[in-house]
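As the structure is a prediction and not an experimental result, all values here were calculated from the model. Below, chain A is the first sequence line, B the second, and so on; all start at residue 1. When reading the values below, keep in mind they use all heavy atoms of this one structure, side chains included, and skip hydrogens, waters and symmetry mates.
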Protein chains: 2
Amino acid sequence: MEAIISNISVDCVIFGFDNNTLQVLLTKRELKDRETGELLIADYTLQGHHILVGENIDDAAKRVLKDKTGLENIYLEQFQTFGDINRLRRPKDQLWLKTMYPMVSDHVVSVCYYSLVDSTKVNPDLQHPYSSWFPVDQLPELGFDHEEMISMALEYLRNKLWREPVGFELLPDKFTLSQLQSLYEAILNTEIDRRNFWKKVSQMKFVIPLDEKHKAGSRKKAQAFIFSKDVYERTRKDKLTLSY
Amino acid sequence: MEAIISNISVDCVIFGFDNNTLQVLLTKRELKDRETGELLIADYTLQGHHILVGENIDDAAKRVLKDKTGLENIYLEQFQTFGDINRLRRPKDQLWLKTMYPMVSDHVVSVCYYSLVDSTKVNPDLQHPYSSWFPVDQLPELGFDHEEMISMALEYLRNKLWREPVGFELLPDKFTLSQLQSLYEAILNTEIDRRNFWKKVSQMKFVIPLDEKHKAGSRKKAQAFIFSKDVYERTRKDKLTLSY
DNA sequence: TCAAAAGTGTTGACATTACACCCATGT
DNA sequence: ACATGGGTGTAATGTCAACACTTTTGA
């Protein structure tokens with residue numbers, strides 16, 4: 001077992017997309033009284049871990065992700081560091097820490113990342129028996145300050161989606177326009193006109209139509225598309241306007 | 001002297017606006033050989049400090065700001081945490097740390113903030129004899145990874161300026177439209193048509209014309225404006241579009 | 001009187017929005 | 001045959017970019 005740095009951790013908000021809903025991967029946290037068997041704590045937390053001695057924080061986040069999803073080389077972005085001295089001070093969190101990690105410092109600063117994964121590639125049940133997906137708008141009870149982390153991650157994701165084509169990270173390599181549209185609708189929590197969305201997307205040179213057709217649960221077969229990061233990088237123009 | 005947490009620090013990129021230029025406040029770092037008097041290190045760094053035991057990281061940033069500028073309640077935003085194990089590994093930085101702070105950990109994670117100040121309210125020479133303002137596009141040699149921090153802070157500031165009216169933090173309470181315009185031009189590094197800018201700004205209900213006239217170095221007196229945060233908060237509508 | 005900055009409107013191009021019908025296919 | 005989602009065009013509106021002349025006033 002490698003040595004941890006006890007006052008710095010990383011937490012990962014792992015987003016996936018399924019059933020036309022934006023989901024978050026959470027891990028169950030349970031604590032029973034040793035004698036009575038009474039459930040003292042039963043809630044969920046994000047995936048996180050302390051950083052190791054000699055480990056970059058970005059690498060710590062990648063490690064957590066690999067451990068919990070089995071995935072590597074996925075979209076990962078640091079969005080905020082939580083360093084309030086009271087962030088672990090709720091009684092149930094104190095109870096959890098005292099019981100499970102008695103040696104860990106009382107003031108842990110957590111560097112938070114969000115990552116976007118193609119949820120068809122993750123099988124949380126196999127990877128980690130206590131993990132499961134929850135829709136972002138129907139979260140269970142959460143430990144620590146993880147609810148705040150998720151809502152802040154979502155805010156960052158929304159802002160990012162608005163400016164950069166990160167949504168594709170959440171879809172399989174090949175996708176249809178309606179999948180893409182419902183992804184945008186789910187993340188931005190809005191409705192989009194299908195024809196206008198089509199028009200917008202067809203201007204994006206980096207969304208490339210394939211010859212293939214997809215029978216994505218629909219009656220009529222829909223055209224499949226892929227996202228080309230390469231084309232995106234080459235054709236991006238950093239427009240600046242004055243608009244707020 | 002209060003106890004510090006040796007592996008966590010905050011660094012502040014303090015932006016000001018003067019001479020129609022976006023400026024950064026930097027502190028001189030000098031190290032001379034004790035015997036020969038030879039200058040071993042002569043460069044600049046950001047303002048930073050380790051967090052104290054029992055101190056929130058946001059409060060640590062406020063403390064650094066207060067110490068270096070004398071100002072309180074100013075715009076401050078956490079933008080990124082630097083946690084690479086090699087970030088302090090350049091020979092001159094190692095020499096500096098070994099000489100000045102021999103007890104400090106080798107792996108310091110730094111939580112970075114940028115702040116926006118009305119530079120007319122700061123007198124860095126009085127506040128701190130080794131501090132001075134530098135235009136962001138004419139930086140001196142910098143210690144540690146502070147050059148990267150500044151360029152990342154600038155990126156975050158640009159994105160923010162695009163979406164929210166933070167620029168006013170850099171101006172005196174009363175300002176003219178040409179001051180505001182040259183602020184936008186300096187930060188976004190672009191030229192803006194004066195008439196279009198005027199049109200845009202006059203739609204912003206939170207930029208409020210005063211009866212006063214200002215003789216801001218110009219021949220003709222210009223109208224003075226103030227920014228109302230209150231009006232902004234009440235009239236903001238979070239528009240979402242699909243545009244990148 | 002003139003140089004330098006302030007103040008102001010119009011037009012064309014482009015982007016966004018709203019909206020309705022036909023098509024292909026699996027049931 | 002029909003229900004479901006796929007595919008497409010047009011008109012109205014709003015926003016952005018380009019552009020030139022007059023006014024004020026300090027030197």
Side-chain angles (χ1 to χ4, degrees), chain A residues 19-21 161-163 165 171-172 174-186 188-226 235-244, chain B residues 19-21 161-163 165 171 174-186 188-205 207-226 235-244:
Chain A
N19 294 118
N20 293 341
T21 309
L161 186 69
W162 213 9
R163 317 245 112 253
L171 292 175
K174 297 175 188 174
F175 53 86
T176 66
L177 282 190
S178 41
Q179 284 179 292
L180 187 63
Q181 181 176 344
S182 70
L183 174 79
Y184 271 76
E185 291 179 332
L188 299 176
N189 194 28
T190 184
E191 287 197 356
I192 303 172
D193 180 274
R194 192 157 39 91
R195 292 154 293 186
N196 294 334
F197 187 74
W198 166 280
K199 212 182 307 169
K200 189 79 201 173
V201 174
S202 53
Q203 289 163 230
M204 300 174 189
K205 300 199 188 70
F206 48 86
V207 177
I208 298 163
L210 299 179
D211 287 339
E212 284 175 73
K213 299 274 174 173
H214 236 235
K215 41 167 198 299
S218 67
R219 306 296 162 109
K220 188 169 171 179
K221 284 169 202 142
Q223 182 156 31
F225 292 80
I226 55 169
T235 58
R236 71 139 80 236
K237 37 187 179 288
D238 294 292
K239 81 168 174 187
L240 286 181
T241 66
L242 295 176
S243 26
Y244 284 122
Chain B
N19 294 119
N20 293 343
T21 309
L161 187 69
W162 213 8
R163 320 243 110 254
L171 292 175
K174 296 176 190 176
F175 52 86
T176 65
L177 281 189
S178 41
Q179 284 178 292
L180 187 62
Q181 180 176 346
S182 70
L183 174 79
Y184 272 76
E185 291 179 331
L188 300 174
N189 194 27
T190 184
E191 288 198 354
I192 302 172
D193 181 275
R194 193 156 39 91
R195 290 155 291 186
N196 293 335
F197 187 75
W198 166 281
K199 213 180 307 168
K200 189 81 200 172
V201 173
S202 51
Q203 290 164 229
M204 300 176 191
K205 299 200 187 73
V207 178
I208 297 163
L210 299 179
D211 287 338
E212 284 174 70
K213 299 274 173 173
H214 236 234
K215 41 168 201 297
S218 66
R219 307 294 164 108
K220 189 171 172 179
K221 284 171 200 139
Q223 182 156 31
F225 292 80
I226 54 168
T235 58
R236 71 143 74 241
K237 37 185 179 289
D238 294 292
K239 80 167 177 189
L240 286 181
T241 66
L242 295 176
S243 25
Y244 285 122

Using modelled atom types and a 3.5 Å cut-off, is there a donor and acceptor pairing between side-chain atoms of B:Asp193 and backbone atoms of B:Arg195?
yes
Rounded to whole Å, please give me the gap between CG in B:Leu180 and P in C:dA5.
17 Å
Taking C-beta and beyond as the side chain, do B:Phe197 and B:Glu185 meet within less than 4.5 Å on heavy atoms?
no
The side chain of B:Asn196 lies closest to which of these nucleotides: D:dA18, C:dG7, C:dT8?
D:dA18
Round to the nearest Å and state the distance from A:Glu191 atom CD to C:dC19 atom C1'.
15 Å
Considering only side-chain heavy atoms of A:Lys221, which listed nucleotide, D:dT8, C:dT25, C:dC19, is closest?
C:dT25
Using atom CD of B:Glu212 as one end and atom P of C:dA6 as the other, report the distance to the nearest whole Å.
17 Å
Between P of C:dT17 and CD of A:Gln203, the distance in whole Å:
12 Å
Between A:Phe197 (CZ) and D:dT8 (P), how many Å, whole number?
15 Å
Let me know the distance between CG of B:Asp193 and C1' of C:dT8, rounded to the nearest Å.
12 Å
Return the minimal non-hydrogen interatomic distance between B:Ala222 and B:Thr176, and the atom names on each side.
CB-CG2, 3.8 Å
Which is more 5' along DNA chain D, the nucleotide nearest A:Arg194 or the one nearest B:Arg194? Just name the residue.
A:Arg194
Per A:Lys200 side chain, nearest of listed nucleotides D:dA17, C:dT16, C:dG7
C:dT16
Interatomic distance where CD belongs to A:Gln223 and P belongs to C:dC23 [whole Å]
19 Å
Counting only side-chain heavy atoms from C-beta out, which of C:dG9, C:dT25, D:dT24 sits nearest to A:Lys220?
C:dT25
Counting heavy atoms not belonging to B:Glu191, are there more than 12 under 6.0 Å from its CD?
no
Nearest to side-chain heavy atoms of B:Arg195, which nucleotide of D:dT25, C:dC19, D:dA20
D:dA20
Has the side chain of B:Lys199 got a donor or acceptor that lies under 3.5 Å from a partner of the other kind on the base of C:dT10?
yes
Could you state the CZ-C1' distance from B:Phe175 to C:dA6, rounded to the nearest angstrom?
16 Å
Classify the ring geometry of A:Phe225 against A:Trp198: parallel below 30°, tilted from 30° to 60°, perpendicular beyond 60°.
perpendicular
